[in-house]
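In what follows, every chain begins at residue 1, and chains take the letters A, B, ... in the order their sequences are listed.
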Number of protein chains: 4
Amino acid sequence: MSLTRPVSFITHEAAAKAVAAALEAARARHVAVVAAVVDGGGHLVALARGDGAFIASIEIARDKAYTAAVFGAPTDGLAEALRHSQVLLDGIASRPHVVLFGGGLPVRHEGLVIGGIGVSGGSEEDDRVCATAGLRAIGIGP
Amino acid sequence: MSLTRPVSFITHEAAAKAVAAALEAARARHVAVVAAVVDGGGHLVALARGDGAFIASIEIARDKAYTAAVFGAPTDGLAEALRHSQVLLDGIASRPHVVLFGGGLPVRHEGLVIGGIGVSGGSEEDDRVCATAGLRAIGIGP
Amino acid sequence: MSLTRPVSFITHEAAAKAVAAALEAARARHVAVVAAVVDGGGHLVALARGDGAFIASIEIARDKAYTAAVFGAPTDGLAEALRHSQVLLDGIASRPHVVLFGGGLPVRHEGLVIGGIGVSGGSEEDDRVCATAGLRAIGIGP
Amino acid sequence: MSLTRPVSFITHEAAAKAVAAALEAARARHVAVVAAVVDGGGHLVALARGDGAFIASIEIARDKAYTAAVFGAPTDGLAEALRHSQVLLDGIASRPHVVLFGGGLPVRHEGLVIGGIGVSGGSEEDDRVCATAGLRAIGIGP
């Protein structure tokens, strides 16, 4: 019997760097956002709210990071993958803390999901760009 | 480092005047409504329930005011702005305390969102008119 | 910058063996229980409800396993550790999903919390004995 | 009529600095903690979870910061102030998101509550010391 399985989670150091980079990318686009990073268990590691960002964005950013981490997929990619069935799409969309629009990305490293990042506050495109910038700052992504 | 950022919130005096004016506008239209005003942090400052208004309207009025304040947009205008993406619209609509039908307006002053007003109890049109009347009574709006 | 930190979680194989052993120990004591195992992130890995066990025990067993994992301590030991302050004890006891009576144990391996086990359905003593039996079946504990 | 009242909230810059300093103080004490800062409206501005901190501490740190901000008092000082009536103490303690044990401090500046900081993960004394260290890093406190 194998008692344990090795898991790899994003560190606080990397998470803090990613949310700071996401906020910087938002400033460059003249929007105010919230950025959040969760570990592979979906639990918050770092969160930063830019001055002037919508209060509503706090929970949305966290939920985008959570959704991306626990499904191991970008939030909008997940919506695409479910689109063949409206019942399925609606059913997943209505689960607690699930967000299916753009701005949430899994944090992948060596084939494993080590966390998720979520950005909220700008347009869907703004949020996507800032989340991607967050990942790039820690050496992940295209 | 900048320690603080200045924020401007609606006073109790103005909030009380706005909800009273909203109820008066409702009486003139022969409907009974609840009117609520929140500050820029989304927290209740004044609430008034006209005699005979639906109990369900208490929370709806509050949530309309909250939605308008935390997104800085009229509740129905927010729905319009999200309509290009059904997933996005459904996703925001299902967030706790978010209301996307008419009757919620942000309270803007000198470019800042200082609060939100929400009215519930009449038709969507009634609620919109009463919320607008509430704002006019404190010198805001068209 | 360190991107990841290694974490070790209990496998499904070990979790299934532990809950089965807990149910067997319960049968030997002529009680019906629910046994649950969560990983180090507090998420369910295995759950087994013996025939005749209280429905209420499903959530209690899960919450005991969760509490033991996320605090890294036996549920009743945690209560003991907090007993010096009634405000602290009451405050932790009222948190969502926290259980402070006996029957929850952390699953420790090589100094790390790899999960938690919780048993509910018998007396506190029954639940403790069954949780311990679950751990022994996977080579953990005294 | 006075339409607005000026409010002063902690910036993201200061909040980020405070949570980083709280984590540094925790490392010096060889404990792993979560630190959170909210603005004067009780809404999260920054959160950081040190590697190895309890998952349960995420919500507790946030709730301590929230409690300190919305009551304008240290979490343990609030408990002291309510101790003359057990019914009052229990009643406040059971409100959602209220935490009455040590580790939450209001962030005061020029007589106003501009936010709150909460630390969770160590002993009550550890948490208090780290929260105080967070405030000192932004020039606040004794």
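Within a 6.0 Å radius of CZ in D:Arg95, no more than 12 heavy atoms belonging to other residues, nucleotides or ligands are found. Dense packing is recorded around CZ of B:Phe71, with more than 12 heavy atoms of other residues, nucleotides or ligands lying under 6.0 Å away. More than 12 heavy atoms of other residues, nucleotides or ligands shown are found within 6.0 angstrom of CD on D:Glu124.
Separation of atoms OG1 (B:Thr4) and CG (D:Leu112) is listed at 9.0 Å; rounding is to 0.5 Å.
Relative orientation of the B:His43 and D:His43 rings is parallel, given thresholds of 30° and 60° on the angle between their planes.
Per-residue heavy-atom pair counts under 4.5 Å with chain B were compared for D:Gly41, D:Ser8, D:Pro6, D:Ser2, and the maximum is reached by D:Ser2.
Interface residue B:Ile138: backbone and side-chain heavy atoms are both found under 4.5 Å from chain D.
Side chains of B:Val7 and D:Asp39 form no contact here, defined as non-hydrogen atoms less than 4.5 Å apart. Contact check for D:Arg5 versus B:Glu13: no side-chain heavy atoms found under the 4.5 Å cut-off.
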